[in-house]
Amino acid sequence: MRIRAERDDLADVLARAGRAVGTRSPLPILQGVLCEVEGSRLRVTGTDTDITIRTTLEVEALEDGRTVIPAKLAAEAVRKLPAGAVSMTAADGEVEITGNGPRFRLRELNVDDFPKLPEGSEGVSLSVDGASFTSALSQVGVAASGDEARPTLTGVLFEGEGDTMRLVATDSYRLAVRDMPDIAGTEPTLVPFRALRELGRALGEGAMDVVLGDRDANFATDRGSLSVRIIEANFPNYRQLLPESYPNRLVVSKTSLLDAVGRASLVAEDHIPVRLNLHDGGIELSVTRQEVGEETEHIEAEYQGEELTIAFNTRYLTDGVSAVASDEIVLETSDPLKPGLISGVNDEAFRYLLMPVRL
Amino acid sequence: MTREFSEPILHVDMDAFFVEVERLHDSSLKGRPVVVGGSGARGVVAAASYEARAYGVHSAMPMIEARRRCPQAVVVPPSHGRYGEVSKQVFDIFRSFTPKVEGLSVDEAFLDVAGLRLHYDTPVDVAESIRGRIRSDLDLPASVGIAANKFLAKLASEEAKPDGLFRVAAGSELDFLHPLPVRRLWGVGEATYAALEALGVRTVGDLAATPENLVSQRVGSAVGRHLLELAHGRDPRPVEGGAGAKSISAEATYGQDLVSDEAIERAVLRHCDRLSARLRRQGYAGRTITVKLRFGDFTTVTRSETVPVAIEHTSDLWDVARALLAKIDHGGRGVRLLGVGAGNLVAGSDPRQLSMEHPGRDAAAEAAEQVRARFGDDAVVPARLVDTPPNPTRGGEEGPSM
């Protein structure tokens, strides 16, 4: 295998495919990316066997062939070469990377050890706008769990609500729901958020094809593709958690609330909640940490309902408020021990249900 | 004027706590028989008012039976958030007297008030003062047992009920203790009682008069020794509270190494269940969960995981412990010792992040705890463990605790 390409282009395809490579893989071969040259096309594949990212680049191909090179090292080596053309040659168990003087000779990994990966999968195919799709995913993704002991909760549920797509995630303490009126709904499919988080950086934000299969979900743009094994489990029945209406409704500026919670977080630790006393005149916010001190402040807000004091984990509250797209947020409540609902003013598409902290 | 209190240990037990909290919110319940618990087909009594107890209703009884015995009782579904809130206020009052507070559940605690000897003439004055505060601040009744140690204080509070106090004066412990039926030695299972009755032991005094080797023959040496200590009114355990426990665990050594994955998993689940009971009893939840295995060759492996929100339920502990267990390669070696522990402890009365999962689970765990308090740790176990023979333990690591 022998190619020539622009440094920045080559560094980019290596780095993006390398995002699927795990940092602590038990198998040495999975520390590498597979480079395949055919015609004038280089295809780079990185995988941790659950998530696979493939990127492609038009190159000046001097000789077809395949090799596996250490993902992080090769990408960094190319990136640190002087600007301009770079050539990469695999022969006799070594890969030579050169350009304008410097020369790396890196040990090749055995190409036959690289796992055989399925090429694409069959299923419902959707065309989406990459930018709005990835931003919707990051809105719901804040509620996904990072706890691998509970795989079901680490996923984002894709499903139909009426005729259109709905995305849902929950870690059991909060639940985020995003409706996508421009996209058709699908059968319920649970996709690891760990993979979805990579979509924007791995594939860019252009037009994206989404294929949801029985075993894998595939995402592709003109810059490459990502496929991931779906989670085979039933998502919790979340619909019963979303009440039709709430007796208390607060409208507050997103930035004032975020700024105030940010100040309160200086005093709070992760497990210390912020108390919100909601009343006609707005919010009295307070946080107390026994061995440190306290912070209190008043936030202007419109409130309709009974006076109520409810407490939330500061990080969970910040996550939900930040995810709202509008400048003004709505916080609906019923009881200090029942979940509050956060959404944007005049924005029905995104809802964030948050369980309170019992004081 | 510095003299010590002879009976510095208080056991404060709220009277029919759930019922009284419900009565605060609905005064029409006052003076009537009230039963708190699930009203469904398999509902269990979580608490009964004294009026209902007069008809033979008691906690952990199936609701159907309770209704049969006392058809006029008002059945109220448990509102656990409210109990937690009031419990926190009760414990705040305890801690305003002494930092040495050891919670046993939401509605009872041991207090070591030795440090108050300069402020009060007698521990009875302390107890009256605590009862007065609970009455004036919260409008709730509480009973207090006063004694030289925890075991006697707990027995004394039962004598104090309802809404009273009872002191076991130093020096007269055995006069109080020995006429009591042996069943009052709390925390010992049915099988042990049966074995003791077979020896003709009816009262605590009978037990105290029985030679240790005879008792040990019947109930095992660790249990026998423990029971005899109690029967002589001896209980050296301090009130554990304040700075308190750093971690709580449940572990056992097996007479025969556990080899199959199934046996190991079941043992871990059993320990999760015991750990859950211990955490609840001491009013804690843990954020760091540890699984420990010692193999037949005495190599020991521990794995731990810190979760975002403190947990104490069996199913939550099991979720984490099972994932940790999966990371340990026992490679066919038999497991000699196995344990599950919780660290990074958070007091149950501290603020708690609520979860959307398992609504009603606290009520079920509370009911299970009532049954365990009476019949021992193994009286209620997860379904997967039903029909397993008792653990063959070697060593005294799982000795009975009160």
Side-chain angles (χ1 to χ4, degrees), chain A residues 26 143-154 168-176 235-243 268-275 286-290 309-317 319 334-341 352-359, chain B residues 25 78-89 91-92 95 99 106 243 268 272 285-289 291 303-311 313 315-327 329 344-362:
Chain A
S145 169
D147 179 3
E148 294 295 331
R150 308 282 310 275
T152 314
L153 302 184
T154 63
V168 193
T170 181
D171 64 2
S172 85
Y173 306 115
R174 57 261 173 85
L175 170 86
F235 196 75
N237 176 14
Y238 70 91
R239 284 169 198 264
Q240 63 193 22
L241 298 169
L242 293 167
E269 234 182 9
D270 198 30
H271 62 277
I272 298 204
V274 57
R275 282 166 203 245
S286 66
V287 60
T288 310
R289 186 161 150 209
Q290 216 165 24
T309 299
I310 191 164
F312 294 112
N313 174 297
T314 51
R315 188 164 60 83
Y316 295 169
L317 181 61
D319 285 348
S334 58
D335 178 319
L337 300 175
K338 299 232 170 76
L341 184 72
Y352 183 88
L353 190 71
L354 174 58
M355 285 301 288
V357 173
R358 188 191 71 208
L359 292 172
Chain B
H25 284 259
S79 38
H80 277 271
R82 207 178 275 159
Y83 308 145
E85 227 169 274
V86 180
S87 167
K88 182 180 173 346
Q89 293 164 342
F91 275 73
D92 284 346
R95 293 201 182 89
V106 290
V268 170
C272 288
R287 282 193 60 204
T288 302
I289 309 306
V291 170
R303 291 284 180 277
S304 59
E305 167 92 28
T306 298
V307 293
V309 173
I311 54 178
H313 282 288
S315 61
D316 291 341
L317 294 168
W318 169 234
D319 279 339
V320 179
R322 180 170 42 178
L324 289 171
L325 185 62
K327 292 185 190 171
D329 176 16
N344 232 326
L345 297 178
V346 175
S349 59
D350 282 357
R352 282 295 281 287
Q353 172 68 52
L354 302 175
S355 165
M356 298 179 195
E357 288 182 302
H358 315 298
R361 189 169 64 164
D362 282 319

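Quantities reported herein were computed from a predicted structural model and do not represent experimental measurements. Lettering follows sequence order; numbering is per chain, from 1.
- Between B:Met356 and A:Leu353, some side-chain heavy-atom pair lies under the 4.5 Å cut-off.
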Practice task
Take B:Leu354 and A:Val357 through the side chain to side chain contact (heavy atoms under 4.5 Å, CB included) test and state the conclusion after the steps.
Solution key: CA-CA 6 Å; B:Leu354 302 175; A:Val357 173; over 6 Å; no
Practice task
Tell me, with the steps shown, if B:Gln353 and A:Phe312 meet side chain to side chain contact (heavy atoms under 4.5 Å, CB included).
Solution key: CA-CA 8 Å; B:Gln353 172 68 52; A:Phe312 294 112; over 6 Å; no
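- With a 4.5 Å cut-off on non-hydrogen atoms, A:Pro339 does not touch chain B at all.
- Separating the CG atom in A:Leu153 from the CG atom in B:Asp319 is a distance of 9.0 Å, to the nearest 0.5 Å.
- With contacts defined as side-chain heavy-atom distances shorter than 4.5 Å, the pair A:Arg150/B:Glu357 qualifies.
- Chain A forms the most heavy-atom pairs under 4.5 Å with one residue out of B:Val309, B:Val307, B:Val320, and that residue is B:Val309.
- Only the side chain of A:Leu241 comes within less than 4.5 Å of a heavy atom in chain B; its backbone stays farther off.
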